[in-house]
2 protein chains.
Amino acid sequence: MAQRNTWQRERVREALSDARGFVSAQSLHATLRDENTGIGLATVYRALAGLAAQGEADSLQSPEGEALYRACSSTGHHHHLICRSCGLTVEIEATDVEQWAKRTAERHGFRDAEHVVDIFGLCATCAAARDAQRDAN
Amino acid sequence: MAQRNTWQRERVREALSDARGFVSAQSLHATLRDENTGIGLATVYRALAGLAAQGEADSLQSPEGEALYRACSSTGHHHHLICRSCGLTVEIEATDVEQWAKRTAERHGFRDAEHVVDIFGLCATCAAARDAQRDAN
DNA sequence: CCGCGATTTGAGAACGATTCTCATTAGCCT
DNA sequence: AGGCTAATGAGAATCGTTCTCAAATCGCGG
């Protein structure tokens, strides 16, 4: 018997889908704990690791060093455009970049190349909000 | 008075230059502590943060969540091709990718975009070594 | 429907990296 | 040399993540 179905794992999967963009394990745990029974932090971590391993979720390291997760719609390889303020995420394709990465690695004799290509910025909404706040000061 | 010159900062800069590739703050501290007077861990972190802020060093998050630093030869913006086995790092230019990142961010209404573009792989040497070992089994 | 064994869970401890605190040290300018 | 102040270092504090282990739970066979 390899894998059991528990309501906890299901809840984590749901919460991950509901989130608009990347979320940290910590905030996911907080959300889940608020809305209902006391799910354990360790369980959230385990569930997320599991989902990531099965390719049902994406994970990346935020510049602040936190691990962020996101439900992954396209199972294939893809990249992200992430709002550093609200976490909104846009999945982007980058065929050109794929090719470039592959060629660059080969040109330098590297094998089994993986690449990390993500863009962090402020989405239109957050940029506007920040401008508004700046004006107030 | 904004910035003072201390031998500690100098040592950190040296140690960073001596390293072949990316190193963690921890291992840098270990190295420095071994070779001489007891430099403080906090000081190493402060020096690294300073160097990174001034553009004299690059920093990135390893997949394991550690922050890695490297002395940066070209002051401009650039990317890396990193051997996941030995840490060897090649600085690469990616003008095309810069443009692509910028355009992509703009197209989605994002501002102040930064991007992370790094390639991890096995350098020729490590790939050969791994083949040799596989043959032995 | 019941029981059994293996898997999961949850609370908290353990851990590793990074940051903070604060008394002490040591640049830099006059 | 003397004073002002930034920088240092030791350890505590913080934060995210993983580990431990007893207790709860799942899912199968009966």
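Below, read A as the first sequence line, B as the second, and so on, with proteins coming before strands; counting in each chain starts at 1. Not measured: the values here are computed from a predicted model.
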Rounded to whole Å, CD of B:Gln3 lies from C1' of D:dA6 at a distance of 10 Å
**Message:** Using OP1 and OP2 only, check whether a side-chain N or O of A:Gln8 sits under 4.0 Å from C:dG10.
**Reply:** yes
Between OH of B:Tyr69 and C1' of C:dT18 the distance, given in whole Å, is 9 Å
Taken to the nearest whole Å, CG/B:Leu41 to P/C:dT21 is 16 Å
Taking five pairs at each terminus, the helix from C:dC1-D:dG30 to C:dT30-D:dA1 shows an axis bend, to 10°, of 30°
- Query: Does A:Thr6 put a side-chain nitrogen or oxygen below 4.0 Å from OP1 or OP2 of C:dT7?
  - Reply: no
Can you find a donor-acceptor N/O pair under 3.5 angstrom joining the side chain of A:Arg4 to the base of C:dA6? yes
Distance test, side-chain N/O of B:Arg33 to OP1/OP2 of D:dA10, below 4.0 Å: yes
Contact class for A:Glu66 (heavy atom, under 4.0 Å): base, sugar-phosphate, or nothing?
sugar-phosphate
Please check the phosphate of C:dC28 (OP1 and OP2 only) for any side-chain N or O of B:Asn5 closer than 4.0 Å. yes
Rounded to whole Å, the CH2-C1' distance (B:Trp7 to D:dG9) equals 10 Å
Sorted by chain and residue number, the side-chain hydrogen bond (donor to acceptor under 3.5 Å, both in side chains) partners of A:Asp96 (sequence neighbours excluded) come out as none
In this structure, CD of A:Glu106 is separated from NE2 of A:His108 (nearest 0.5 Å) by 11.5 Å
B:Arg46 atom CZ is separated from C:dA17 atom C1', nearest whole Å, by 16 Å
In this structure, CG of A:Leu41 is separated from CZ of A:Arg33 (nearest 0.5 Å) by 8.0 Å
Of the listed D:dG9, C:dT8, D:dG16, the closest approach to the B:Ile39 side chain comes from D:dG9
Cut-off 3.5 Å, side chains only: do A:Glu98 and A:His78 have a donor facing an acceptor?
-> no
Fit a plane to each ring of A:His80 and A:Phe22, take the angle between them on a 0 to 90° scale, and name the class: parallel (under 30°), tilted (30 to 60°) or perpendicular (over 60°). perpendicular
Closest non-hydrogen atoms of B:Ala25 and B:Val44, given as atom of the first, atom of the second and distance, are O-CG1, 3.9 Å
Quick note, B:Ala42 side chain, CB onward, closest among D:dG9, C:dT9, C:dG12 is D:dG9
In whole angstroms, the gap separating P of D:dT17 from CD of B:Gln61 amounts to 11 Å
Next item on the list: Pick base, sugar-phosphate or nothing for A:Gly38, based on heavy-atom distances below 4.0 Å to the nucleic acid.
Entry: sugar-phosphate
| query | Side-chain contact, heavy-atom cut-off 4.5 Å: B:Leu16 with B:Leu51? | reply | yes
Between CD of A:Glu64 and P of C:dT18 the distance, given in whole Å, is 14 Å
Here the distance between atom P of D:dG16 and atom CG of A:Leu60, to the nearest Å, is 16 Å
Worksheet entry | Main-chain N/O of A:Val116 paired to B:Asp118 side chain as donor or acceptor, under 3.5 Å | no
Task: D:dT17 OP1/OP2 closer than 4.0 Å to side-chain N/O of A:Tyr45 - done: yes
